[in-house]
2 protein chains.
Amino acid sequence: MSKLTETLQKFVDLEEKSLKGFLEKGKILRISKSEKLIKAGEICETLFFILEGSVRSFYFKDDKDVTISFSLEEEFITSMSSFITQKPSYENIEALEDCELWAISHKDLMETLARYRDLEYVYRQLLEEYYIRLEEQLIFSKFKTAKERYLELIKNKPKIIQKASVGQIASFLDMSIETLSRIRASL
Amino acid sequence: MSKLTETLQKFVDLEEKSLKGFLEKGKILRISKSEKLIKAGEICETLFFILEGSVRSFYFKDDKDVTISFSLEEEFITSMSSFITQKPSYENIEALEDCELWAISHKDLMETLARYRDLEYVYRQLLEEYYIRLEEQLIFSKFKTAKERYLELIKNKPKIIQKASVGQIASFLDMSIETLSRIRASL
DNA sequence: AAAATCATTTGACAAATATCAAAAAATCAG
DNA sequence: CTGATTTTTTGATATTTGTCAAATGATTTT
């Protein structure tokens, strides 16, 4: 749990009561490999923080599933667009391995943010951080070749290589399974 | 200026003094076609709102410039990562045509957000909106073919077709000038 | 352990797009 | 207006990556 506290305190020291108010609104939950946190078509009511484990977010394109992101320990994860708009999600999120998560409902989060000014400030900074990351991902996908994208993934999230299947990684990197297999063979 | 007010009020009715406090921190500025709002290498100190005109954001890849986004009237624009982190920008932003902008400095914005709670809330919602848009763009670029990406641009931002050059649009859509030219010929 | 299922690799070929070169069209300067 | 420059289009070819099919390897089930 201190992982969550540390992540929150990265930006500013929160007052004790804000931190406490926030933490006690959440629940710990454990899910096992392949279980879904969020299902396409449903409204995403929950923001998760990964205490242990890793998850994968994906869409369906025709019949195949296409990976959008991988998230590891100490990251917040939700179907952002569904969580924010409270409309049905297009995205699925599933556990890549057994996970321990901290979870807070949309309603509780909104109430907590409204109550504690310093928490609202932290939430804003989190949003900013996530925005920048997404922007980096977009630019990265524009500028790099298939091989460079793979090498970059190894550098940034090496753990993913062990935890996700070739198919999941390939769709994340926007290439076919075969192309990824050939890139790996060439290294 | 009421365009800016409307955009802010889209989320919640701001108190009169918050709105006033915010608006009077900004300045109106006019720039002519091709002038730069933000230059790569410099720290981006300003958040702009486009009252009239349109702008283009781009990076340099080797020697060529690659368009990252187009922004039209009634949108906020800045080099988000530089503005947020206050580190040098990798991004350039230039006017596609003569523009009228509203501009607020990072320092003034931060002070204003700290002073007016309801403004901070609006800023958060703006961030959320921009996040969702970026996410859509990322997914969109993953799922569509060259032709579909062009048709989507026509649907979403038809004005851009008139205002930007073929080269600018091609790099935005992640294809060569020649491919774009052929797609246009085939319609 | 053998059979069955699933995931990954390899090969042959096809499709999409990029690159290079040149022609045509549009824009600009004097 | 006219020649010069730039932008866009068109054509020929090369490259990258995808698709399909088969082979190999790994994992699970009985």
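Residue numbering restarts at 1 for every chain, and letters A, B, ... go by the order of the sequence lines.
Among residues two or more places apart in sequence or in another chain, the ring pair (Phe, Tyr, Trp, His ring centres under 6.0 Å) test is passed with A:Tyr123 by none. Every side-chain contact (heavy atoms from CB on, under 4.5 Å) that A:Asp98 has, sequence neighbours left out, goes to A:Ser32, A:Lys33. Residues satisfying the side chain to side chain donor-acceptor pair (under 3.5 Å) test with B:Thr145, not counting sequence neighbours, are B:Glu148. Remark: B:Lys17 pairs with B:Glu15 by the side chain to side chain donor-acceptor pair (under 3.5 Å) rule, at least two apart or across chains.
Near DNA chain C, defined here as any heavy-atom distance below 4.0 Å, there are no residues from residues 136-149 of chain A. Contacts between residues 176-187 of chain B and DNA chain C, counted as heavy-atom distances below 4.0 Å, involve B:Ser176, B:Glu178, B:Thr179, B:Arg182. Listed by residue number, the members of residues 158-175 of chain A with any heavy atom below 4.0 angstrom from DNA chain D are A:Asp174, A:Met175.
More than 12 non-hydrogen atoms from other residues, nucleotides or ligands lie less than 6.0 angstrom from OH of A:Tyr130. For B:Phe11, the CZ atom sits in a packed shell: over 12 heavy atoms of surrounding residues, nucleotides or ligands are nearer than 6.0 Å.
Along DNA chain C, read 5' to 3', the first and last nucleotides having any atom under 4.0 Å from a heavy atom of chain B are C:dT17 to C:dC20. Heavy-atom contacts of chain B under 4.0 Å fall on DNA chain D between two terminal nucleotides, which in 5' to 3' order are D:dT8 to D:dA12.
As the counterpart of D:dA21, C:dT10 is assigned, both hydrogen-bonding distances of the Watson-Crick or G-U wobble pattern falling under 3.5 Å.
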Quick one: side chains of residues 172-182 of chain B, donor-acceptor pairs under 3.5 Å with protein atoms, not counting sequence neighbours, listed by atom name and distance.
residue	atom	partner	partner atom	Å
B:Ser176	OG	B:Thr179	N	3.2
B:Ser176	OG	B:Thr179	OG1	3.0

Below 3.5 Å, can you tabulate the donor-acceptor pairs from side chains in residues 37-47 of chain B to any protein atom, sequence neighbours excluded?
none

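Between B:Arg115 and B:Asp108 there is no salt bridge, since no side-chain N of the basic residue sits under 4.0 Å from a carboxylate O of the acidic one. Taking the charged nitrogens against the carboxylate oxygens, B:Arg133 and B:Glu129 do have a contact shorter than 4.0 Å, which makes a salt bridge. In this structure, A:Lys10 does not pair ionically with A:Glu74, as no charged nitrogen and carboxylate oxygen lie closer than 4.0 Å.
Under a 4.5 Å side-chain heavy-atom criterion applied to ILVMFWY residues, the cluster that includes B:Phe58 comprises B:Phe60 as well.
For an aromatic pair to be called close, the ring centres must be under 6.0 Å apart, and A:Trp102 with A:Phe76 fails this.
Of the residues A:Ser79, A:Ser82, A:Ser57, the one that meets the side chain to side chain donor-acceptor pair (under 3.5 Å) test with A:Ser89 is A:Ser79.
Under the 4.5 Å side-chain heavy-atom criterion for grouping Ile, Leu, Val, Met, Phe, Trp and Tyr, B:Leu127 is connected to B:Phe22 within one hydrophobic cluster.
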